[in-house]
Amino acid sequence: MVDGSLESLRARNRQAVVAAIQRRPGSSRAEIARRTGLSATTVSTLVAQLTQDGVVVEREPARAPGGGGRPSTGLGLSPEQGAVVGVHLGHGGTRVVLLTLDGTVRGETSTRSDVDHEPARSLRAVAADALGVVDGAGIGRDRLLGAGVAVSAPVLHAATLGSPPMLLDWGGIDVAAQLRDQLGSPVQLGNDATLGALAEWRLGAASGHDDLVYVMLSEGVGSGLVVGGRLHEGATGAAGEFGHVPVPGAGQICRCGNRGCLETVVGARALVADLAHSRGPNCTLDDLLRLADDGDAGTMRLLADAGRTIGGLLAALSVMLDPAVVVIGGDLSASGLAVETVSRHAHEALGRSLPPVSNRDVPVLPSALRGRSEALGAALLASDHAALRLVGATPGPA
Ligand SMILES: [Zn+2]
């Protein structure tokens, strides 16, 4: 039994090294030793074996996808091992990104559609989009190692999908199983705002911070929390449902059944509806983003007000969690000027609302991932699982 124990210890150590490289591509051997608690000699031996197996490679200096993050050299997973797709099933449309295991974006596509009311059609469409992006990148479908799916619903442990009315017509649908059948590869689920936080933490504006709040500002509004270097899902996967915090004085009935939720005030649908008075009833989110990029005065006022509302509600969250940074993203961040305006005014309102005991300035930063945080986070989730399966299947050293 001693041999078996040694074997499983080696397997666990290999997995720890691969997980450390996956979480922070570009890490040096010394950094991996520090983060895993393994000795420098053990890490060097394992890295040499993983390199020989073609799982790990020395990286060239590279920037993280989306232009965020620092240039880095060091160790990375080999892109030759394969790729994963990240899918975002938002309320107002779908997005698919293709990521090789070294973290390079190799393709993407997005579609605006009524995801809430058309589950079967949406699942078929994203499966077709995903396979289309894989084919378009010249990556064989046999090298698609997995998929991650970001959904607008509470999710626990990458599998259990809650069924509150957040996704209106999706009750009883096994998203993971249906997509697994259509893609022919393993599928993990995550809450979209939580996965957005994962992407901002690993690749985006919150890179280097282990305590952060990410606010997703799309048709759905939510938040993702990283607390003490871990994603925080809560007891039931529903942590961070920021979009359903009531705004004092607001009166619309929300799709969750409550009245006056934040989402009914600053969600993309509410913002577009506010513009309809001056821009006509056919105004869309794309119109809003274009007007923001043009610096339109009415649109800027709308976004500033949204930022102030968000900032006021962020104060309570900041007092409770003491984040190093808040990041604003979601579909609104497809326009740099839109997300910068919201972030600036949220920062001012947050600063005014923080009690003296907090006594510090919490930065509120615009996402640099341009509306792709949720899909990229879903791809990172799939990539983490794929990387571990890869070493689980590789025989340990003799
Ligand atoms: Zn609500």
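Just so it is clear, the model here is predicted, and its values are computed rather than measured. Each ligand, and each atom within it, is numbered from 1 in the order the structure gives.
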Under a single-linkage definition using a 4.5 Å side-chain heavy-atom cutoff for Ile, Leu, Val, Met, Phe, Trp and Tyr, are L337 and L288 assigned to the same hydrophobic cluster? no
Can you tell me if Q81 uses its side chain to pair, donor with acceptor, with the backbone of G54 under 3.5 Å? yes
Please give me the protein atoms (N, O or S only) lying under 2.8 Å from the Zn ion (ligand 1), ordered by chain and number. H244 ND1, C254 SG, C256 SG, C261 SG
All N/O donor-acceptor pairs, side-chain side in residues 94-101, below 3.5 Å, sequence neighbours left out:
| from | atom 1 | to | atom 2 | distance (Å) |
| --- | --- | --- | --- | --- |
| R95 | NE | G371 | O | 3.3 |
| T100 | OG1 | D102 | OD1 | 2.6 |
| T100 | OG1 | T104 | O | 3.4 |

Would you say that R121 contacts D114 through its side chain, given a criterion of any heavy-atom pair below 4.5 Å between the two side chains? no
Using atom types as modelled and distance alone, determine if a side-chain donor or acceptor of W201 lies under 3.5 Å from a backbone N or O of V226. no
Using the salt bridge (charged side-chain N to carboxylate O under 4.0 Å, His left out) rule, pick out the option among D286, D287, D293 that qualifies with R290. D287
